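For reference, the structure discussed in these notes is given below.
Reckoned from all heavy atoms, side chains included, excluding hydrogens, waters and symmetry mates. As the structure is a prediction and not an experimental result, all values here were calculated from the model. Chain letters run A, B, ... following the sequence lines, proteins first and then strands; every chain starts at 1.
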There are 2 protein chains.
Amino acid sequence: MSLDEIDKKILQKLQNDSKITNKKLSSELNLSVTAIFERIKRLERNRVISRYVALVKPAEVDRSFMVFCQIKLVQHSKNYVIKFEEEIIQLHEVLECYHVSGEYDYILKILVKDMEAYREFLLNKLTNLNHIGSTQSTFIISPVKSTTAIDLL
Amino acid sequence: MSLDEIDKKILQKLQNDSKITNKKLSSELNLSVTAIFERIKRLERNRVISRYVALVKPAEVDRSFMVFCQIKLVQHSKNYVIKFEEEIIQLHEVLECYHVSGEYDYILKILVKDMEAYREFLLNKLTNLNHIGSTQSTFIISPVKSTTAIDLL
DNA sequence: ACTCATTCTGAAAAATATTCTAATTACAAT
DNA sequence: ATTGTAATTAGAATATTTTTCAGAATGAGT
C-alpha cells in the first residue's frame, strides 16, 4: 500500500500516542476530522497499523530482569525447527524470538522478575525443550533506548 | 504501586488491544464503566501504563531488515559511556539499545530497509561515533515471536 | 459503633467517533 | 482542453464513548 506524506505524519503521531483524538490530528495536519478518520481506517484495513496496545512499565509489574538468550539447535531439520518455534511461542517469558544468522540459530528477548526467576525459566522451561543444543545468556544492565516507533519522516 | 487481580486483567486486555472500550471491559470484568475508568486512570497516573501506541508493520513501511548489532567500546570511562549513549539515542534506525553483560558492551536492535541501507547506516552513522571499538552484526532471518505484552496472570 | 479513605454504582454531561450526503479534487482517457 | 470516474474531503447528523458528579457500599483502624 502506498503512503503519502499525510499518512506518514499520521502514523508518526499514532506511534507515539495512539490516544490522540482525530480532532487534534485534524487541526495539526490541517484536514477535516473525517479525512483523518478515513485515512486511519484505511491504514488499519490494510494492516499498516497492525494493532493498538498499552505499554506497561516492566518494573511496575515486577519484571525487572531482561535477558537476551542465544540458542543453538542440535539439528536443523524442518520438523525440529517447526516444533521448536511452536514451543517457544507458548512461553510467556519470551517477548521476542528471531531466527538469526551467525553462530547461534535464535535470539530471544526474555523478561522475568529477577535472576532467580531466570534460572527457574532456564531449568524448567527452556532447556527442557527438545532439540536445544546450547544457550548463551546476555543480561541487560541498563536500557539505553527502547521504542516501538518506526521513523517515517 | 500494588495491583489486584482486576488491575492485572485490565492491563492484560489493554496490552493486547488498547482500543477496547470501558463498556466492553466493564461487562467482561463485571464492574461499572466508572470503576474501570477510575482504575485505568490510576494505572496511567502511577505510570504502570507508560503510554498507548499504534504498532506499525515494518514491511508495510519499507523496513524489512532487522539486525542485532553488538558493540564494544574502546574505553569505559563515564564520559565516554554517557556521550556514546546520548548519540545512540538520536539514531532513529536504533529502536532499542541496552547496556549488557558479557563480551560486548551494548546490544542494539536496528531496523532499516535492506542490507544496503544497513551498510550505509554502519558506515555513515554507527562507526562514525567516537569510542566505538568493534561491532558484530546478527541478521534476522525470520521473526518467530514479537510481542510487547507482559503476561500478568 | 464511628470515622476516614477508597472504590464502587448509576445517571448526566461533555467530548469524541462514526455515518451520511454532497462538494471537491485527482487523474486517466479521449 | 474536457469529460468521466474514482478517491478524498468537508460539514452536519447521529451514535458511542469518555468524563464528571453525587451518593452508596466497603474495609481498616480507633
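Using a 4.0 Å cut-off between charged nitrogen and carboxylate oxygen, E5(A) and K9(A) do not count as a salt-bridge pair. For the pair E44(B) and K41(B), the salt-bridge criterion is met [side-chain N within less than 4.0 Å of a carboxylate O]. Look at E103(B) and K72(B) and you find a salt bridge, because one of the NZ, NE, NH1 or NH2 atoms lies within 4.0 Å of a carboxylate O, short of that distance.
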### Task
May I have the step-by-step check of side-chain contact (heavy atoms from CB on, under 4.5 Å) for V81(B) and Y106(B), ending in yes or no?
CA-CA 11 Å; V81(B) 167; Y106(B) 293 92; 3.4 Å; yes
### Test log, rule ring pair (Phe, Tyr, Trp, His ring centres under 6.0 Å), inputs F84(B) and H131(B)
CA-CA 7 Å; F84(B) 169 78; H131(B) 325 313; 8.1 Å; no
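Looking at Q12(A) and D151(A), their side chains come closer than 4.5 Å, going by heavy atoms from C-beta outward.
Chain B approaches DNA chain D within less than 4.0 angstrom (heavy atoms of the protein), and the contacting nucleotides run 5' to 3' from dT17(D) to dC21(D).
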Can you check nucleotides 5-12 of chain C for protein contacts, nitrogen or oxygen pairs under 3.5 Å, and list what you find?
| residue | atom | partner | partner atom | Å |
| --- | --- | --- | --- | --- |
| dC8(C) | OP1 | R39(B) | NE | 3.0 |
| dC8(C) | OP1 | R39(B) | NH2 | 2.8 |
| dC8(C) | OP2 | R39(B) | NE | 3.3 |
| dT9(C) | OP2 | S32(B) | N | 2.6 |
| dT9(C) | OP2 | S32(B) | OG | 2.5 |
| dG10(C) | O6 | T34(B) | OG1 | 2.7 |

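Between the side chains of T138(B) and Y98(A), no donor-acceptor pair is found at a separation under 3.5 Å.
I132(B) and V94(B) fall within the same hydrophobic cluster, where Ile, Leu, Val, Met, Phe, Trp and Tyr residues are linked whenever their side-chain heavy atoms come under 4.5 Å apart, directly or through other members.
Closest approach of R39(A) to D7(A), counting heavy atoms only: NH1-OD1, 2.9 Å.
Residues of residues 8-27 of chain A that place a heavy atom closer than 4.0 Å to DNA chain C, in numerical order, are T21(A), N22(A), K23(A).
E93(A) pairs in a salt bridge (Lys or Arg N to Asp or Glu O under 4.0 Å) with only one of the listed residues (K125(A), K109(A), R63(A), K113(A)), which is K125(A).
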